[in-house]
Amino acid sequence: MTAVVYFGLAAAMFALQDAYFLLGGGEYSLKNLCALGILFLCLLDFIGTVRLGRGMVLVRHSLVQMLPCLVPLVFSCLIWVVSGADVSAILNGVTMILPQLLSVCVAAATLYLFGARGIWYCLGAMCAANFIQVLVVIWQGGLGPFLEEFYTLLVTFSKETGPLMEKLETHDLTFAFGPFLIYLFLHWKESPRPSLWLTVVTLFFLIGLKRIAIPAIVLGLLAAWLLQLLPEKAARQTALCAALVMIVVSFLYIAGIRYGLFPYLEEHFGIDTKGRTALFAHVEPYYDISFTYMGRGTGFERYVEWFSGTEHQTPLRTQTQIHNDFLRMYLNIGFIGYWVWILSWLPVRLRYWFRQGGKNAGCLFLGVCVYCFVLYATDNTIYYPYTMMACALIPMSYRLDSLSEAALDECSRGWEERGQRRARLPKPGEGPF
């Protein structure tokens with residue numbers, strides 16, 4: 001019964017990405033309501049089962065996965081206090097971070113309910129939601145036109161698309177399939193019916209094709225595979241070196257944008273930057289590459305229409321995005337905030353997963369981070385809840401059942417030792433005096 005309820009809630013959550021309802025003058029997302037339903041289901045299950053070992057491990061995993069969300073929240077709070085931000089700016093920023101935290105909580109709730117098998121329940125719900133959307137589009141436009149547009153999408157590598165394919169261009173859901181594909185390729189033998197899963201996931205990934213996601217997956221797989229060829233200690237050290245290189249490259253990329261990288265690429269190499277030169281020119285007045293740059297606070301990018309540079313008094317959700325999550329994070333939380341954030345995002349968590357799950361878990365996590373690194377450098381995925389959920393679910397599920405048993409055994413030994421020490425203490429009136 002629990003599995004049926006979860007599957008229904010999760011499938012609805014993935015299908016209702018752009019569905020909202022009004023309550024008390026405010027607009028709320030139906031997908032978040034479904035996510036809260038999953039958390040409530042987990043709470044009821046916890047009351048009935050109290051899987052203590054699994055719960056302890058997942059709390060620890062969740063806190064580590066939440067670090068890159070909590071750091072911007074802390075720095076943004078400081079910025080809002082110092083700048084005297086109004087309530088609307090604070091609510092705008094907080095409501096961008098809360099769905100991130102909710103996504104990690106839903107991933108943890110899924111794993112608490114089903115253990116390591118939760119990854120397949122979640123993936124199944126994603127596929128079911130996508131399949132329903134495909135059926136709706138076919139019903140509206142016909143099977144023939146759908147197949148023609150799908151063929152055109154593939155042969156032109158998404159440069160040409162039709163109205164039916166546009167309806168299925170759900171960026172968040174498409175990007176969320178990426179970490180699952182990485183997991184399937186890396187842990188083929190450990191996956192149930194891997195050929196079936198790979199076929200289905202690849203099909204839905206291609207239906208909502210995003211070109212940048214393909215090199216992102218390839219680079220993530222290459223990084224993980226190469227590391228797996230090394231001994232444990234060498235793999236850990238190489239992964240940390242790779243993480244440091246990624247950190248430096250991300251900052252140099254931000255600095256390069258500030259000092260004219262994209263105009264240089266257009267003028268000297270004739271590269272089509274898809275309007276990013278003009279876009280980044282409008283971002284330029286709002287930040288500096290300086291240790292003293294404090295940041296504007298999470299959510300500031302919603303106040304500016306970046307293709308025109310027009311600044312609004314209220315935040316908007318439909319304006320042009322910056323198309324660079326590293327620059328967006330730097331713009332929002334400043335020089336120091338950015339370095340603390342990216343250290344928490346990559347090396348801190350990388351060390352944790354190597355320590356928790358060994359070489360395979362560390363390699364898997366680095367592969368997912370390389371995938372995200374490519375997306376962050378070119379798109380607006382850092383606040384995508386489904387993508388974040390997948391990125392949290394994949395490493396958290398690895399060796400979960402064995403880690404839970406070990407945590408429960410360690411806790412039981414601790415209780416037993418404390419009980420023995422308490423039993424050895426003299427009772428009142430039995431002391432030497």
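FYI, the numbering just counts along the sequence from 1.
Applying the side chain to side chain contact (heavy atoms under 4.5 Å, CB included) test to Val5 and every residue at least two apart in sequence or in another chain returns Met1, Leu9, Leu41. The ring pair (Phe, Tyr, Trp, His ring centres under 6.0 Å) search around Trp80 returns none, not counting sequence neighbours. Listed by chain and number, the residues in a side chain to side chain contact (heavy atoms under 4.5 Å, CB included) with Thr110 are Tyr6, Val106, Phe114, Cys122, Leu393 (sequence neighbours excluded).
Between Trp345 and Tyr338, the distance from one ring center to the other does not fall under 6.0 angstrom. The distance between the ring centers of Phe300 and Tyr286 falls below 6.0 angstrom. Checked against the 6.0 Å centroid criterion, the rings of Phe75 and Trp341 do not qualify as a close aromatic pair.
You'll find the side chain of Glu169 reaches within 4.5 Å of the side chain of Lys210, heavy atoms only. The closest side-chain heavy-atom distance from His61 to Gln356 is below 4.5 Å. At a threshold of 4.5 Å between non-hydrogen side-chain atoms, the residues Ile342 and Ser250 count as touching. Counting heavy atoms from C-beta on, the side chains of Tyr293 and Leu331 come closer than 4.5 Å. In this structure the side chain of Arg211 reaches within 4.5 angstrom of the side chain of Lys159, judged on heavy atoms.
For the ring-ring contact (aromatic ring centres under 6.0 Å, His included) criterion with Phe280, the lone passing option out of Tyr253, Phe262, Trp306 is Phe262. Residue Leu173 forms a side-chain contact (heavy atoms from CB on, under 4.5 Å) with just one option from Tyr384, Phe14, Phe204, Phe205, and that option is Phe14.
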*Please lay out, stage by stage, how Phe326 and Phe373 fare under the test ring-ring contact (aromatic ring centres under 6.0 Å, His included).*
CA-CA 9 Å; Phe326 293 121; Phe373 185 89; 5.1 Å; yes

* Asked: For Trp353 and Tyr398, what are the C-alpha separation, side-chain angles and deciding distance, and is it a ring-ring contact (aromatic ring centres under 6.0 Å, His included)?
  -> CA-CA 10 Å; Trp353 289 114; Tyr398 192 78; 9.0 Å; no

> Would Thr277 and Leu265 count as a side chain to side chain contact (heavy atoms under 4.5 Å, CB included) if you check the C-alpha gap in whole Å, the side-chain angles of each, and the deciding distance to 0.1 Å?
Replying inline: CA-CA 9 Å; Thr277 298; Leu265 293 175; over 6 Å; no

Exercise. Under the side chain to side chain contact (heavy atoms under 4.5 Å, CB included) rule, what do Tyr112 and Asp45 come out as? Steps first, then yes or no, please.
Key: CA-CA 9 Å; Tyr112 181 84; Asp45 190 80; 3.5 Å; yes

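Stacking of Arg51 on the aromatic ring of Phe46 is not recorded, the 6.0 Å distance cut-off and the 45° axial limit not both being met.
Annotation for Phe40: atom CZ does not count as buried by contact number, only 12 or fewer foreign heavy atoms lying within 6.0 Å. The number of heavy atoms from other shown groups lying within 6.0 Å of CZ (Phe291) does not exceed 12.
Side-chain polar atoms of Asp379 and Thr381 form no donor-acceptor pair below 3.5 angstrom. The closest side-chain donor-acceptor pair between Thr298 and Asn332, if any, does not fall under 3.5 angstrom.
Separating the CZ atom in Arg355 from the CG atom in Leu350 is a distance of 10.5 Å, to the nearest 0.5 Å. In this structure, the separation between CG on Asn130 and OG1 on Thr174 is 7.0 Å, given to the nearest 0.5 Å.
We find that Arg328 and Glu301 are joined by a salt bridge, their nearest charged nitrogen and carboxylate oxygen being less than 4.0 Å apart. Asp401 has no carboxylate O lying under 4.0 Å from a charged side-chain N of Arg117, or vice versa, which leaves the two without a salt bridge.
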